[in-house]
Asker: 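Next up is a structure, given as structure tokens.
In this text, all values refer to a predicted model and were calculated from it rather than measured experimentally. Chain naming here is simple, since letters A, B, ... match the order of the sequence lines and numbering starts at 1 in each.
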There are 2 protein chains.
Amino acid sequence: MKKNNSTGEILRKQREEKGLLLRQVAALLDVDTAILSKIERGERKAKKEQIVELAKILDLNQEDLIIQFLSERILYEIQDEELGEKALKVAEQKIKKNNTKQIKD
Amino acid sequence: MKKNNSTGEILRKQREEKGLLLRQVAALLDVDTAILSKIERGERKAKKEQIVELAKILDLNQEDLIIQFLSERILYEIQDEELGEKALKVAEQKIKKNNTKQIKD
DNA sequence: GTTATAATTGACAAATATTGTCAAGTTAAT
DNA sequence: ATTAACTTGACAATATTTGTCAATTATAAC
């Protein structure tokens with residue numbers, strides 16, 4: 001029972017399910033095969049536009065893929081940071097505080 | 001009842017409380033006054049090393065300041081992203097999952 | 001084993017973003 | 001009006017990210 005944890009795994013699985021080659025998807029994405037290979041294996045980060053494009057090309061739910069992608073960017077930002085988890089919680093609190101403030105507008 | 005929301009506000013308040021000039025703190029930090037001014041006003045992001053240094057210079061709790069700083073970096077990462085809050089939650093879940101995994105090691 | 005196709009890897013280049021310097025401009029107090 | 005502290009914006013230096021390319025590895029078919 002294998003889970004798709006990372007954006008890369010999701011992309012690769014779906015590409016293979018559709019029987020597409022790296023070359024083909026890379027062409028549609030307008031990047032070199034090497035880049036897509038690295039993105040799928042998590043060696044490189046994709047750009048947001050590429051994630052959006054890939055969702056279209058591979059018929060993946062765009063929102064889910066973006067959430068996945070953004071969460072990885074967030075985790076990348078706090079990698080090796082001992083206080084990362086606490087910072088995440090503070091960030092959430094700040095967002096919430098801002099949301100409730102918005103009600104006034 | 002004014003809260004110190006941002007890193008910059010904390011830094012400025014504490015510097016003023018200590019009666020230090022931008023010039024003086026900037027010198028200790030080894031950057032131009034302009035940079036520190038911008039950091040305090042939230043116009044520029046500080047580097048992590050600078051945050052650590054500033055905590056020392058201004059006698060601020062280092063962990064608290066770092067958490068503050070990291071949370072801002074995280075929020076910066078998802079600014080303007082509609083799905084940012086959801087991504088934050090997913091990021092937290094991933095961290096937790098990883099924590100429990102670690103027990104095995 | 002050779003050939004052919006797909007994917008991976010690593011060195012390097014191009015593009016973008018971050019951080020810094022400097023000089024000129026405010027602001028506020030005297 | 002002078003002075004000191006701070007601010008601002010243009011630009012330079014640096015660092016990071018993203019991309020290209022050529023060489024290599026892996027796999028399958030013969």
Asker: Testing A:Glu72, A:Gln68, A:Arg73, A:Glu40 for side chain to side chain donor-acceptor pair (under 3.5 Å) with A:Thr7, which one passes?
Answerer: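 Answer after filtering A:Glu72, A:Gln68, A:Arg73, A:Glu40: A:Glu72.
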
Asker: What are the two closest heavy atoms between A:Ser71 and B:Ala91, and how far apart are they?
Answerer: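 Looking at all heavy atoms of both residues, the shortest contact is CB-N, 3.8 Å.
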
Asker: Counting only heavy atoms not in A:Lys86 (residues, nucleotides, ligands), do more than 12 fall under 6.0 Å from its NZ?
Answerer: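 Open: at most 12 neighbouring heavy atoms sit under 6.0 Å from NZ of A:Lys86.
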
Asker: Less than 4.0 angstrom between a side-chain N/O of A:Tyr76 and OP1 or OP2 of D:dT17, yes or no?
Answerer: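 Yes, A:Tyr76 has a side-chain N/O under 4.0 Å of OP1/OP2 on D:dT17.
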
Asker: For C:dA6, does OP1 or OP2 lie under 4.0 Å from any side-chain N or O of A:Arg12?
Answerer: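 So the side chain of A:Arg12 is outside the cut-off, no N or O lying under 4.0 Å from OP1 or OP2 of C:dA6.
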
Asker: Compute the angle between the rotation axes at the two ends of the helix from C:dG1-D:dC30 to C:dT30-D:dA1, each taken over five pairs, rounded to 10 degrees.
Answerer: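 Computed angle between terminal axes is 20°.
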
Asker: Please determine, for the side chain of A:Arg23, which listed nucleotide (D:dT20, C:dA6, D:dA5) has the closest atom?
Answerer: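 Side chain of A:Arg23 sits closest to C:dA6.
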
Asker: Could you give the CD-to-C1' distance, from A:Gln79 to D:dT16, as a whole number of Å?
Answerer: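 Distance check: A:Gln79 CD to D:dT16 C1' gives 13 Å.
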
Asker: What's B:Leu21 touching, base or sugar-phosphate or nothing? Going by heavy atoms closer than 4.0 Å.
Answerer: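 B:Leu21: backbone/sugar contact only, no base atoms under 4.0 Å.
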
Asker: Mind checking A:Ile35 for me? I need base, sugar-phosphate or nothing, with any heavy atom below 4.0 Å counting as a touch.
Answerer: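 Counting heavy atoms under 4.0 Å across all strands, the contact made by A:Ile35 includes a base.
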
Asker: Grab the CD1-P distance between B:Ile39 and D:dT8 for me, whole Å please.
Answerer: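 Spelled out: CD1 on B:Ile39 to P on D:dT8 is 15 Å.
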
Asker: Just the atom pairs and distances: protein N or O near nucleotides 22-30 of chain D's N or O, under 3.5 Å.
Answerer:
none

Asker: Kindly determine whether A:Asp59 and A:Lys18 satisfy side chain to side chain contact (heavy atoms under 4.5 Å, CB included), including the steps that lead there.
Answerer: CA-CA 9 Å; A:Asp59 287 313; A:Lys18 296 210 129 200; 2.4 Å; yes

Asker: Looking at A:Ser37, does any N or O in its side chain come under 4.0 Å of the phosphate oxygens OP1/OP2 on C:dT8?
Answerer: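 Yes, A:Ser37 has a side-chain N/O under 4.0 Å of OP1/OP2 on C:dT8.
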
Asker: Could you tell me whether a side-chain N or O of B:Asn61 sits under 3.5 Å from a main-chain N or O of B:Asp64, the two making a donor and an acceptor?
Answerer: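 Yes: the side chain of B:Asn61 pairs with the backbone of B:Asp64.
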
Asker: Give, ordered by number, those residues of residues 45-54 of chain A having at least one heavy-atom distance below 4.0 Å to an atom of DNA chain C; if nothing qualifies, reply none.
Answerer: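 The answer is none.
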
Asker: Kindly check if the number of other-residue, nucleotide or ligand heavy atoms within 6.0 Å of CD (B:Glu16) is above 12?
Answerer: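 For B:Glu16, atom CD is crowded (more than 12 foreign heavy atoms under 6.0 Å).
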
Asker: Which nucleotide wins on minimum distance to the side chain of A:Lys38, given the candidates C:dT21, C:dG10, D:dA4?
Answerer: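 Per side-chain heavy atoms of A:Lys38, the pick is C:dG10.
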
Asker: Whether A:Arg41 contacts C:dT9 is assessed here as follows: a side-chain N or O lying under 4.0 Å from the phosphate OP1 or OP2. Is that the case?
Answerer: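 Yes, A:Arg41 has a side-chain N/O under 4.0 Å of OP1/OP2 on C:dT9.
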
Asker: Would you name the heavy atoms of A:Thr33 and A:Arg23 that are closest together and state the gap between them?
Answerer: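 Nearest heavy atoms, A:Thr33 then A:Arg23: OG1-CA, 4.0 Å.
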
Asker: So, the side chain of B:Arg44 versus the backbone of B:Lys38: is there a donor-acceptor pair under 3.5 Å, distance only?
Answerer: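 Side chain of B:Arg44 to backbone of B:Lys38, a donor-acceptor pair under 3.5 Å: no, none is there.
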
Asker: Report the C-alpha separation of A:Leu60 and A:Leu54 in whole Å, then their side-chain angles, then the decisive distance to 0.1 Å, and conclude whether the side chain to side chain contact (heavy atoms under 4.5 Å, CB included) test is met.
Answerer: CA-CA 8 Å; A:Leu60 285 164; A:Leu54 283 166; over 6 Å; no

Asker: Rounded at 0.5 Å granularity, tell me how far CG in A:Leu36 sits from CG in A:Leu21.
Answerer: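 Reported to 0.5 Å precision, the distance equals 11.0 Å.
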
Asker: Would the number of heavy atoms belonging to other residues, nucleotides or ligands and lying under 6.0 Å from CD of A:Glu82 be above 12?
Answerer: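 No.
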
Asker: Taking CG from A:Leu36 and P from D:dT18, how many angstroms apart are they, rounded to a whole number?
Answerer: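 A:Leu36 atom CG is separated from D:dT18 atom P by 14 Å.
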
Asker: Quick one: A:Asp30 CG to D:dG19 C1', roughly how many Å, whole number?
Answerer: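 It works out to 11 Å between those atoms.
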
Asker: Looking only at side-chain N and O atoms, does B:Arg44 come under 4.0 Å of OP1 or OP2 in C:dT18?
Answerer: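 No, no such contact exists.
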
Asker: Please confirm whether B:Lys45 makes a cation-pi placement over B:Tyr76, using NZ or CZ under 6.0 Å from the six-membered ring centre and within 45° of the ring normal.
Answerer: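 Output yes; distance and angle both within limits.
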
